[in-house]
Amino acid sequence: RTPLHYDSYDNLLVQVVGAKYVRLYKSSETPKLYVSKGASSGYAKQGNMSLLDCEMEDFEKHPLAKDAEYVEIILLPGDCLFIPSRMWHYVRALSTSISINYWW
């Protein structure tokens with residue numbers, strides 16, 4: 001399971017074994033996604049991580065997230081998903097899983 005985040009590069013996500021659930025948000029949804037700010041170290045230092053807990057959102061704590069539009073996808077073996085740079089995404093394995101990512 002990944003946190004909701006975006007990558008600075010375009011990404012091909014290829015599912016080899018098992019299944020994965022993917023949730024995608026356009027970059028235009030950023031104001032509703034409660035970006036983690038001010039981290040001095042670690043993954044959040046880039047400003048590309050959200051404070052939202054996808055699939056267990058706390059809409060009292062993050063009310064704007066309720067209106068954030070997203071697309072859900074299930075990846076199965078042989079599927080390939082293009083994720084453009086700066087597109088927010090959250091990924092969770094639905095079974096034992098092997099994936100390959102290629103960023104450029």
Side-chain angles (χ1 to χ4, degrees):
R1 176 176 177 200
T2 69
L4 179 60
H5 70 286
Y6 69 79
D7 297 314
S8 300
Y9 299 97
D10 290 336
N11 176 10
L12 281 180
L13 172 59
V14 179
Q15 190 63 26
V16 179
V17 173
K20 284 197 172 165
Y21 167 82
V22 181
R23 186 185 286 190
L24 301 169
Y25 296 82
K26 293 180 181 179
S27 60
S28 60
E29 298 297 313
T30 299
K32 302 172 190 170
L33 299 180
Y34 297 87
V35 178
S36 177
K37 298 183 193 273
S40 60
S41 65
Y43 293 115
K45 188 174 182 179
Q46 291 183 40
N48 68 333
M49 303 289 237
S50 170
L51 298 173
L52 294 181
D53 188 359
C54 288
E55 299 186 276
M56 295 191 292
E57 292 88 344
D58 181 345
F59 295 125
E60 287 187 22
K61 188 174 180 181
H62 303 115
L64 297 176
K66 191 182 331 183
D67 296 323
E69 294 182 13
Y70 59 86
V71 174
E72 297 175 298
I73 299 164
I74 302 293
L75 291 178
L76 300 173
D79 289 343
C80 179
L81 177 64
F82 172 66
I83 304 173
S85 66
R86 303 190 68 83
M87 176 170 270
W88 292 92
H89 54 284
Y90 160 80
V91 181
R92 179 174 55 87
L94 299 175
S95 63
T96 300
S97 179
I98 297 173
S99 303
I100 298 171
N101 288 83
Y102 178 75
W103 293 273
W104 73 97

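What you are looking at is a predicted structure, and each value in this text was computed from that prediction instead of being measured.
Within the model, atoms CD of Gln15 and CG of Leu94 stand 9.0 Å from one another, a figure rounded to the nearest 0.5 Å. Between the OH atom in Tyr21 and the CG atom in Leu75 there is a gap of 11.5 Å [rounded to 0.5 Å]. Leu12 CG to Trp103 CH2: the interatomic distance, rounded to the nearest 0.5 Å, is 10.5 Å. Distance check, rounded to the nearest 0.5 Å: CG of Leu24 to CD of Glu69 gives 13.5 Å. A distance of 8.0 Å separates SG of Cys54 from CG of Leu33, quoted to the nearest 0.5 Å.
Salt-bridge formation is not detected for the pair Arg23/Glu29: no Lys NZ or Arg NE/NH1/NH2 atom is positioned less than 4.0 Å from an Asp or Glu carboxylate oxygen.
The stretch residues 49-79 participates, sequence neighbours left out, in these ring-ring contact (aromatic ring centres under 6.0 Å, His included) pairs: Tyr25-Tyr70, Tyr34-His62.
In this structure the side chain of Val17 never reaches within 4.5 angstrom of the side chain of Pro77, judged on heavy atoms.
A single hydrophobic cluster is seen to contain both Leu13 and Val71, as judged by linkage of ILVMFWY side chains at heavy-atom distances under 4.5 Å, directly or through other members. By the criterion of side-chain heavy atoms lying less than 4.5 angstrom apart, applied directly or through intervening Ile, Leu, Val, Met, Phe, Trp or Tyr residues, Leu52 is grouped together with Tyr90 in one hydrophobic cluster.
No donor-acceptor pair closer than 3.5 Å links the side chain of Ser95 to the backbone N or O of Gly18.
For the pair Ile74 and Asp79, the tightest heavy-atom approach, listed with the atom from each and the gap, is O-OD2, 3.9 Å. Across all their heavy atoms, Pro3 and Met49 have their closest contact at CG-CE, 3.6 Å. Residue Leu64 comes nearest to Pro31 through the heavy atom pair CD1-O, 3.7 Å, listed as atom of the first residue, atom of the second, then distance.
More than 12 heavy atoms of other residues, nucleotides or ligands shown are found within 6.0 angstrom of CD on Glu72.
Partners of Glu55 by salt bridge (Lys or Arg N to Asp or Glu O under 4.0 Å), not counting sequence neighbours, listed by chain and number: Arg92.
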Show me the side-chain donor-acceptor pairs of residues 80-89 shorter than 3.5 Å, one per line, residues at least two apart or across chains.
residue : atom : partner : partner atom : Å
Arg86   : NH1  : Tyr6    : OH           : 3.2
Arg86   : NH2  : Tyr6    : OH           : 3.4
Trp88   : NE1  : Thr30   : OG1          : 2.8
His89   : ND1  : His5    : O            : 3.4
His89   : ND1  : Met87   : O            : 2.9
His89   : NE2  : His5    : NE2          : 3.1
His89   : NE2  : Asp7    : OD2          : 3.2

